[in-house]
Amino acid sequence: MRCAFYPGCVSRGGCPELYPSAIKVAARLGLELEELTDVGCNGAGVLSREVSDPINARTLAKAERLGLSTVMTICSTCTGVMGQANIKLREDPVYRASMNHEFLADEGLEYQGTISVKHLLWILNEDYGLDRLRTAVKRPLRGLKVSPFYGCYIRRPDAIVEGKPQRKQYLERVIEALGAEVVDFGGKGKCCGFPILTANETNSMAMVAAHTGEAKGKGADCMVTPCPLCHLNLDGSQPRAEAQKGEKIDLPILHLPQLIGLGLGFSPEELHMRRHIVSTRAVAETVRLLT
Amino acid sequence: MQATFKVYRFDRETGGKPGFQSYALDLPEDATVLDGLFKIREEMDGSLGFRASCNRGLCGECTLRINRGGRLACITRIASVLTKDREVSVEPVRNVLVLKDLVYDVETLLWKKIKSVRPWLDPARPEPEREYVVPDEKLRPVRNAMKCYYCGLCDEGCSVIPFDKTFVGPAALTKAYRFVSDPRDGARAARLRALGEPRGIWDCVHCFEADEHCPRGIEPTQRIVDLRDAAVAAGIKSGTKNPQVARHYDSFAASVRKSGWLDEGRLALETWGVRRIFDLLPIAWRAFRRGKLPVPYRHPKRKGAERIARIFEKVQGKHS
């Protein structure tokens, strides 16, 4: 399967372990990625939509010009923000025409509304197939207890799941396909608090502590997330969240491609698992015992 | 259909310990949770207190927490929420003052917050002799927000309120949006300034829970994002007590405009300043030791960055 690849800013910025892990995993699985190198940040829900909509229209037009039908992302926020813009552009031809006319025409671009924006998680479940993933697994992650954490933008609003409510269970299905054990918990679909890290750090830290603490309390060895922004908060802010709550949590947070990579047989070092703020050593040791 | 209702019981007047009481019910397959509550009150326990009015999802009166999710009891079929043990838990929504069983003081859920956003029209000019004439299209967003019947489900579903009861919440912000969008209102800038202060629009995590909970299709989260976009377009990017929010927006936009993508190092420095960054040194040191912070730090311009800058210029041109 060939798709355009939109890696997002954070996979090479605040989470430099994500991009190389995703590239390795995609190559091992045989996903052919055509990386979009000359496109902009999608706005991440920060930039106002009058700026981010044309930037996203331009990205989608670039992918369309490559003759591809899917833009693959590795970030829930990229998926949601670009996906919501795409839904508006696809469903409202007048709006699309105005974006094309006002912003894209002078570059000789036009978005015709043929692209699907899909997270790697969705591609694995809907296009690649979990049976095929199962056969690619070289090291079943038996005994590893993993809590899923989605990130809001990949679950809501309703329009983003495009009539497929099962998208809200894909993470559990991938964890199981890799041979690991799902540790379900109430916070898996909630907000990680990252969007208000600047506006209200106290509330943001309370959310980190609540979700990581709940998963840990249910016996998770680690948490997996398809969103690097959630990762920045759940991993990067966990020590501050612990300090605010006055309680040690110490829950390693893995990126989705890292967990898949472990199942495919990559070593924790190859997946840059040392680059995390919360130590992933215990997960690495569990995985080493499996080989 | 057999179901066991576990209903929250408490009486503020007589005091005592709150708790859940179980009722075994036999109801038709298509019965709603409200049907179950009526059956309990009429046939089993006349002392049960709950609120209901239209019985068909038109009034927003019977907002409750059903199997730990905010729902209208009258349009929630029991079959759709029944657990494996055939149980249905029914309790008041969170963060409210409970008066009697399932009856709570709506002031504590909604009204206090709605009053805080000045929910009345502040005319832009002296009252005209005849009626205001407003084009239909300009009233469309106002009418959409006016569909709200104050059921409070958006606030019940809100991700922030369980952590911070002082957050003004999606219901009140939707009300604020209704006036900010009204072309007859003269206090738009003042409203946006007030909404930008802490506990207002910038404290929303835009998780879209409110949109999933709203039975009226108003999409309160999208309305909050609309308010933020309106504030940014008006140059009001924060309140006076949270200037870091404006610095964050400006730095984010400036780095994307300059290089095409987000410069997170610059964003942290410009948002927080050197002093705050100093506080974060222990984490930064840990990140550096683990190879998370690249040294030397570089943020090269991306190919096509000038095209992204051009988009910013065009949008800016629209406002000048």
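Order of the sequence lines fixes the chain letters, A, B, ..., with proteins taken first and strands second; residue numbering starts at 1 for each chain. This is a predicted model, so every value here is computed, not measured. Only this structure's heavy atoms are used, side chains among them; waters, hydrogens and symmetry mates stay out.
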What I'd like to find out is whether the side chain of A:Asn200 reaches to under 4.5 Å of the side chain of B:Trp202, using heavy atoms alone. no
One option among B:Thr271, B:Leu262, B:Asp229 has the most heavy-atom pairs under 4.5 Å with chain A, and it is B:Asp229
Quick one: list whatever passes side chain to side chain donor-acceptor pair (under 3.5 Å) with B:Asp136, sequence neighbours left out. B:Arg143
Would you indicate whether the side-chain heavy atoms of B:Val160 and A:Asn203 approach each other to under 4.5 Å? yes
Counting heavy-atom pairs closer than 4.5 Å to chain A, which one of B:Val256, B:Leu293, B:Asp263 comes out on top? B:Val256
Take a 6.0 Å sphere around CZ of B:Arg298 and say whether it holds more than 12 heavy atoms from other residues, nucleotides or ligands. no
Could you report the tightest heavy-atom contact between B:Val205 and A:Pro195, atom names first, then the distance? O-CG, 3.5 Å
Please name the pair of heavy atoms, one in A:Gly236 and one in B:Ile283, separated by the smallest distance, quoted to 0.1 Å. O-CD1, 3.7 Å
Closest heavy-atom contact between B:Arg290 and A:Ile277? NH1-O, 2.6 Å
Heavy-atom closest pair (A:Ala206 atom, B:Phe163 atom, distance to 0.1 Å) is O-CE2, 3.5 Å
Bottom line for A:Leu197: the part with an atom under 4.5 Å from chain B's heavy atoms is backbone
Scored by heavy-atom pairs under 4.5 Å with chain B, the best of A:His276, A:Arg49, A:Arg58 is A:Arg49
Is any residue of residues 302-312 of chain B within less than 4.5 Å of chain A by heavy atoms, and which ones? B:Arg302, B:Lys303, B:Gly304, B:Arg307, B:Ile308, B:Arg310, B:Ile311, B:Phe312
Between B:Pro294, B:Ser238, B:Ala231, B:Gly291, who has the most heavy-atom pairs with chain A when the cutoff is under 4.5 Å? B:Gly291
For B:Lys258, I'd like to know if atom NZ has over 12 heavy atoms of other residues, nucleotides or ligands within 6.0 Å. no
Derivation of the salt bridge (charged side-chain N to carboxylate O under 4.0 Å, His left out) call for B:Lys314 and A:Glu102: CA-CA 8 Å; B:Lys314 283 184 181 174; A:Glu102 280 180 61; over 6 Å; no
In terms of heavy-atom proximity below 4.5 Å to chain B, should A:Phe194 be classed as side chain, backbone, both, or neither? neither
Determine the option with the most heavy-atom pairs under 4.5 angstrom with chain A, choosing from B:Arg228, B:Lys318, B:His299. B:Lys318
Could you state the interatomic distance from OG (A:Ser204) to CG (B:Asp203), rounded to the nearest 0.5 Å? 10.5 Å
For the interface with chain A, which of B:Glu219, B:Arg289, B:Gln222 has the highest count of heavy-atom pairs at distances below 4.5 Å? B:Gln222
When the 4.5 angstrom heavy-atom criterion is applied to A:Arg155 and chain B, the contacting part is backbone
Chain B contacts: which residues in residues 74-88 of chain A have a non-hydrogen atom closer than 4.5 Å to it? A:Gln84
Should the pair A:Arg156-B:Glu209 be classified as a salt bridge under the 4.0 Å nitrogen-to-oxygen rule? yes
Nearest 0.5 Å, what's the SG-NE2 distance between A:Cys152 and B:His206? 9.0 Å
Side chain, backbone, both or neither: which part of B:His213 has a non-hydrogen atom closer than 4.5 Å to chain A? neither
Positions in residues 240-251 of chain B that reach chain A, provided some heavy atom is under 4.5 Å away: B:Gln244, B:Val245, B:His248, B:Tyr249
Proximal component of A:His272, with respect to chain B [non-hydrogen, under 4.5 Å]: neither
Closest approach of A:Ala44 to B:Phe252 (non-hydrogen atoms, all atoms of both residues): CB-CZ, 3.9 Å
Locate the shortest heavy-atom distance separating B:Lys292 from A:Arg275; write the atom from each residue and the value. CD-O, 3.1 Å
Where does A:Pro157 contact chain B at under 4.5 Å (heavy atoms): side chain, backbone, both or neither? both
